[in-house]
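Here's the structure we're looking at; comments come further down.
The sequence lines fix the lettering, A, B, ..., with proteins before strands; numbering per chain opens at 1.
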Amino acid sequence: MKEIRVRFAPSPTGYLHVGGLRTALYNYLYAKKNNGKFILRIEDTDRNRYVEGAVENLTAALNWAGLDYNEGPDIGGNYGPYMQSQRLEIYKKHADELIAKGEAYYCFCSAERLQKLREEQEKQKLPQAKYDKHCLSLSKTEIEQNLKNNLPYVIRLNVKPNQKIIFDDIIRDRVEFDSNNVDDQVLIKSDGYPTYHLANVVDDHLMEISHVIRGEEWLSSTPKHVLLYDAFKWERPKFAHLPLLLNPDKSKLSKRQGDVAVEDYRDKGYLKEALINFVALLGWNAGDDKEFYYMNELIEKFSLDRVNKAGAVFDIQKLNWLNAEHLRKMHDDDILKLLKKEILNSQFSTLNLPDNYLFQIITAMKERVAFVKEFITTCQYFYTPTTEYEQKSVEKNWKPETPEHLRKLIDEFKLLDNPSKEDFEHAFGKTAEQLGIGKGKLIHPLRLAVSGQSTGPGMFDLLFILGKDEVIKRIEKAIEVLG
RNA sequence: GGCCCCAUCGUCUAAUGGUUAGGACCUCGCCCUUUCACGGCGGUAAUAGGGGUUCGAAUCCCCUUGGGGUCACCA
């Protein structure tokens, strides 16, 4: 059996689009599942779109997500180079070959003529603007003369009329086009660079790509590619056109309606495990009810014939849920590493808290957060003494007799020696009993005094983590401030 | 507008001729818990419409409607 070789072929726009991430992921999963190769190729054939550092951003994002490729611009491989801008001679040579075969031709038409042509066709209400094959009828000597005079030219695909163009798609089955609707696509631009259509076909063939797995936006230009494979007499790869990722309004996922770069999600604190899991489920499922996946499970379960046909709305709420799920199931050691990074980027960067203390925060808060940074933001009282007290809780829980009650509690706590969680609990229970009040009357003011908040981890976990001295200090402070 | 693709709860989806149309997110209610979460239980909510084919259609066919993609010397 032929080796499975798939590729992710983005243009270097400066960032990795989440739709691109999904496409890359499906390619990756398919390769891994079938012991194949996953290749990164950069489609940088548009000189006007050159973006500084774009390739580095792309590879960094792919690496972050864990989508390792077997061949690519930065790591090489046997089918390089993997930057299309470095393969110009290859495309030229193949374009010449097509010209020799009559499958392509030189076109010297100016932009002005093309513009005029388009306007005229529009005026005539023609269903579709198309090049009129004007230059196809140029004589050999005319062409040579033009070339000798250094007239700018492009090379166009010579599409024969009245042909059915049929190809099979793994996801959409059989798709059929009429060649009358296919324009004589430019293959080589006047700057000598190829267009996407030529470059991707030539490269996919030369790189022995077995499956072209890409977004549905390419479906309508696939006839051009098929025509090229046929013109070269090359075997066509298998095609799989993935459904699009959609905005909430069902249009193609775009920048205007929210974050679209995987870097954005990374920077917002989404776990790569969650993003991968989420994006994998946008257009694919294993046929069961499982929703929580790690990468290795995705590899094991993935198949192209269970990919959906219809577009999928990118639902941030479900992503958030998955992020929380992945965070909860993550090992504390791994959370610790991430948390330390977050602390370094926070107002507490100079704190230098011991691992042991951070582990306790993680344990206490794990069920209560969805993002790593929330181990800081939702419980700042673990990092700095409380100075502000939630107004609503003060009104509800801070009664005139509260300071007296808390003073009694301080006295009890003072008697404790290196107290455990249970010691705190006993002392607390004893105090409530001696005061002749319900525990609820005491527990809410205590939480307020110690954390400034009305919500948080279990009361005695909180006391234990903070420690006796700190707890007493904070209660005294609260009595002083709230009176 | 031409061409192409698509159509199950608000969203992601399962059910590939026979199910009370299932699950998840969201949302609501209850339980657990003297906080908040987690967790558990339950509720609301879908086969776009119309024709066929069939004993039987979410599922196959046709039409309509709706949505999307694409029509560059961008990818």
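Whole-Å rounding puts the A:F314 CZ to B:U11 P distance at 16 Å. Between A:K290 atom NZ and B:C25 atom P the separation is 15 Å, expressed in whole Å. A straight line from CZ of A:F177 to C1' of B:G2 spans 12 Å, rounded to a whole angstrom. The separation between A:E291 atom CD and B:C26 atom P is 11 Å, rounded to whole Å. Atom-to-atom, OH of A:Y293 to P of B:C12 comes out at 18 Å; the value is rounded to the nearest Å. Distance CG (A:D173) to C1' (B:C60): 14 Å, rounded to an integer number of Å. A:E119 has its CD atom 17 Å from the C1' atom of B:G1, to the nearest Å. Separating the CZ atom of A:R306 from the P atom of B:C12 is a distance of 17 Å, rounded to the nearest angstrom.
The line from CD1 of A:I188 to OH of A:Y91 is 9.5 Å long, rounded to the nearest 0.5 Å. Here A:L339 contributes atom CG and A:I376 contributes atom CD1; the two are 5.5 Å apart, rounded to the nearest 0.5 Å.
Under 4.0 Å is where a charged nitrogen must lie from a carboxylate oxygen, and between A:D230 and A:R236 at least one such pair does. The pair A:E291-A:K318 meets the salt-bridge criterion, with a side-chain N (NZ, NE, NH1 or NH2) lying under 4.0 Å from an Asp/Glu carboxylate O.
Among the heavy atoms of the strands, none lies under 4.0 Å from A:V182. Across all strands shown, A:E176 has heavy atoms under 4.0 Å from sugar-phosphate atoms exclusively, and none from any base.
Here the separation of B:G18 from B:A57, taken at their P atoms, is 11 Å to the nearest Å. Across B:U34 and B:C25, the matching P atoms stand 26 Å from one another, rounded to whole Å. Across B:G50 and B:A14, the matching C1' atoms stand 27 Å from one another, rounded to whole Å. Taking atom C1' in both B:U54 and B:C60, one finds a spacing of 10 Å when rounded to whole Å. Nucleotides B:G67 and B:G10, compared at atom C1', are 16 Å apart to the nearest Å. Nucleotides B:U11 and B:U47 are separated by 12 Å at their P atoms, to the nearest Å. Taking atom C1' in both B:A75 and B:A37, one finds a spacing of 46 Å when rounded to whole Å. Separation of the C1' atoms belonging to B:C3 and B:U8 is 28 Å when rounded to the nearest angstrom.
Using modelled atom types, one finds no donor on one side chain facing an acceptor on the other under 3.5 Å when comparing A:Y69 with A:N27.
Between A:F413 and A:F424, the ring planes lie perpendicular to each other; the angle is over 60°, past the 30° to 60° tilted range. Aromatic ring pairs are classed by plane angle as parallel below 30°, tilted from 30° to 60° and perpendicular above 60°; the pair A:H225 and A:H197 is tilted.
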* **Base versus backbone protein contacts along nucleotides 67-75 of chain B [heavy-atom cut-off under 4.0 Å; B, S, -]** => SSBSS-BBB
* To do: Go along nucleotides 27-46 of chain B 5' to 3' and tag each nucleotide: B for a protein heavy atom under 4.0 Å from its base, S when only backbone or sugar atoms are that close, - otherwise.
  => -------BBBSSS-------
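Residue A:N285 has no polar side-chain atom (N or O) positioned under 4.0 Å from OP1 or OP2 of B:U13. Note on A:N308: every side-chain N or O is 4.0 Å or more away from OP1 and OP2 of B:A7.
Considering only residues two or more places apart in sequence or on other chains, A:R41 meets the salt bridge (Lys or Arg N to Asp or Glu O under 4.0 Å) condition with A:E43, A:D203, A:D204. Scored by the side-chain contact (heavy atoms from CB on, under 4.5 Å) test, A:K116 finds A:E120 as partners (sequence neighbours excluded). Contacts of A:D259 classified as side-chain contact (heavy atoms from CB on, under 4.5 Å), with partners at least two apart in sequence or in another chain: A:D264, A:Y265, A:K268. Checked against side-chain contact (heavy atoms from CB on, under 4.5 Å), A:E176 has the following partners two or more places apart in sequence or in another chain: A:K164, A:I166.
Residue-to-nucleotide proximity on RNA chain B shows that, of A:I171 and A:G287, the 5′-proximal contact is made by A:I171.
With a cut-off of 3.5 Å on both Watson-Crick or G-U wobble distances, the partner of B:G1 is given as B:C71. Of the nucleotides present, B:U65 is the one that pairs with B:A7 by Watson-Crick or G-U wobble criteria, both distances under 3.5 Å.
One donor-acceptor pair, N or O on each side, does fall under 3.5 Å between the base of B:A24 and the side chain of A:K318.
Here the nucleotide nearest the side chain of A:A310, chosen from B:U13, B:U11, B:C6, is B:C6. Relative to the side chain of A:L282, the nucleotides B:A14, B:C4, B:C12 differ in distance, and B:C12 lies closest.
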